[in-house]
Amino acid sequence: EPNIMHQLRQRRAVALALERYPGLAETSAQAEAATRELDEVRAADWPHLSFSGAALRGQKPSPVAPIHGLAPGRVPSFDETLYRLGLSLNYTLFDGGLSTAAKRRFQGRAEAARAETDGARQRVVQAACLAYLRVLSLEGTVQAHDQRLAALEAERVRVAQLLDAGRVARLDLLRVQAALAAGRADRDQRAAGAGDGDPGRRAGDRDGGRGRLDRGRQARRPGAGGS
C-alpha cells in the first residue's frame with residue numbers, strides 16, 4: 001500500500017508539472033499551429049466545388065433569358081423576379097512542383113515542432129521525477145530525525161526526574177538538552193532542504209511537497225524541553 005501511494009503521488013506530481021510548466025504549453029501551441037498550416041496546404045490539393053445563387057426582384061419586368069435576336073412571333077419572356085444559379089469546379093492539374101515543395105516545407109516544420117514538444121515533455125517528466133525522489137528521500141530523513149527527537153525528549157524527561165530525585169548530576173541533564181537542541185536544528189535544516197526540492201516548484205507546481213512537509217513538521221514536532 002505505501003508503494004501504491006508513492007506511485008499515485010509521483011503521477012500527480014508529474015501531471016501537475018506537465019499542466020503548469022509554461023514552456024511546455026508554448027511548444028505545444030507551436031506544434032498545433034504547424035499541424036494546422038500543414039493541413040491547409042494539403043487541403044489545397046483537393047478539388048474545390050462552389051455553388052452560388054441569387055434572387056433579384058425589380059420594379060419592372062426584365063428578360064429571364066439572354067436575347068440573341070428578334071424574330072417575328074418570338075417574344076422573349078419577362079418577369080419581375082430573376083433567379084441566378086452558378087456551379088463551378090476548380091482543380092489544379094500542374095503547378096510546377098510548388099504544392100509539393102510547400103507540403104514538404106510545412107511537414108518538416110510540423111515534425112520539428114512535434115519533436116520539440118516531445119523533448120520538452122520528457123525533460124519536464126524527468127525533472128519532476130528527480131525532484132519527487134529527492135523530496136521523498138528528505139521526507140524519510142526528516143521522519144528519522146523526528147523519531148530521534150522523540151527518543152531524546154523521553155530521555156530528557158527521564159533525566160529530569162532523576163535529577164529531581166538527586167540521583168544524577170545537573171550536567172547529565174544539560175548534555176541531553178544540548179543533544180536535543182542540536183537534533184532540532186538539524187531536523188529543521190533537513191526539512192527546509194526538502195521544501196527547496198519540492199517537485200512542484202522545480203517543475204511548475206507551486207504548491208507541492210513543501211506544504212505537506214510544513215504540515216507534517218507542525219503535527220510531528222515534539223514539545224519543547226525546559227532547561
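Starting from 1, each residue takes its place in the sequence as its number.
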Checking Val159 against Val168 for the side chain to side chain contact (heavy atoms under 4.5 Å, CB included) test, could you report, in this order, the C-alpha distance in whole Å, the side-chain angles of both residues, the deciding distance, and whether it holds?
CA-CA 7 Å; Val159 174; Val168 297; 4.2 Å; yes
Nearest atoms (heavy-atom pairs only) where [X] meets [Y]:
X: Gln30; Y: Glu116; value: OE1-OE1, 4.3 Å
X: Ala31; Y: Ala113; value: CA-CB, 3.5 Å
X: Ala160; Y: Leu173; value: N-CD1, 4.1 Å
X: Tyr91; Y: Trp46; value: CD1-C, 4.3 Å

Could you walk me through whether Asp45 and Ser99 satisfy the side chain to side chain contact (heavy atoms under 4.5 Å, CB included) test, starting with their C-alpha distance in whole Å, then the side-chain angles of each, then the deciding distance to 0.1 Å, before giving a yes or no?
CA-CA 8 Å; Asp45 292 340; Ser99 61; 3.7 Å; yes
Nearest-0.5 Å distance that lies between atom OG1 in Thr92 and atom NE2 in His48
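Answer rounded to 0.5 Å: 7.0 Å.
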Quick one: CZ on Arg156 to CG on Leu174, what's the gap to the nearest 0.5 Å?
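Answer for the CZ-CG pair, Arg156 versus Leu174, is 12.0 Å.
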Can you list everything that forms a side-chain hydrogen bond (donor to acceptor under 3.5 Å, both in side chains) with Ser50? Sequence neighbours excluded, please.
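With sequence neighbours excluded, Ser50 shows a side-chain hydrogen bond (donor to acceptor under 3.5 Å, both in side chains) to Ser88, given in chain and number order.
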Name all residues meeting the side-chain hydrogen bond (donor to acceptor under 3.5 Å, both in side chains) criterion together with Thr81; count only those two or more places apart in sequence or in a different chain, and write none if there are none.
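Residues passing side-chain hydrogen bond (donor to acceptor under 3.5 Å, both in side chains) with Thr81: Arg57.
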Considering residues at least two apart in sequence or located in another chain, which fulfil the side-chain contact (heavy atoms from CB on, under 4.5 Å) criterion with [X]?
X: Glu111; value: Gln107, Arg114
X: Phe94; value: none
X: Arg36; value: Glu32, Ala33
X: Leu152; value: Arg148, Ala179, Leu180

Just jot down the salt bridge (charged side-chain N to carboxylate O under 4.0 Å, His left out) partners of [X], sequence neighbours excluded, or say none.
X: Glu37; answer: none
X: Asp39; answer: none
X: Asp118; answer: none

Side-chain hydrophobic cluster, 4.5 Å single linkage: members besides [X]:
X: Leu171; result: none
X: Leu89; result: Leu49, Phe51, Leu85, Leu87
X: Val41; result: Leu38, Phe106

Is the closest basic N to carboxylate O distance between Arg184 and Glu153 below 4.0 Å?
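Here Arg184 pairs with Glu153 in a salt bridge, since their nearest N and O are under 4.0 Å apart.
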Output yes when a side-chain donor or acceptor of Thr117 lies under 3.5 Å from a complementary backbone atom of Thr27, and no otherwise.
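Confirmed, Thr117 side chain pairs with Thr27 backbone.
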Take atom CZ of Arg109 as the centre, draw a 6.0 Å sphere, and report whether it contains more than 12 heavy atoms from other residues, nucleotides or ligands.
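Yes, enclosed.
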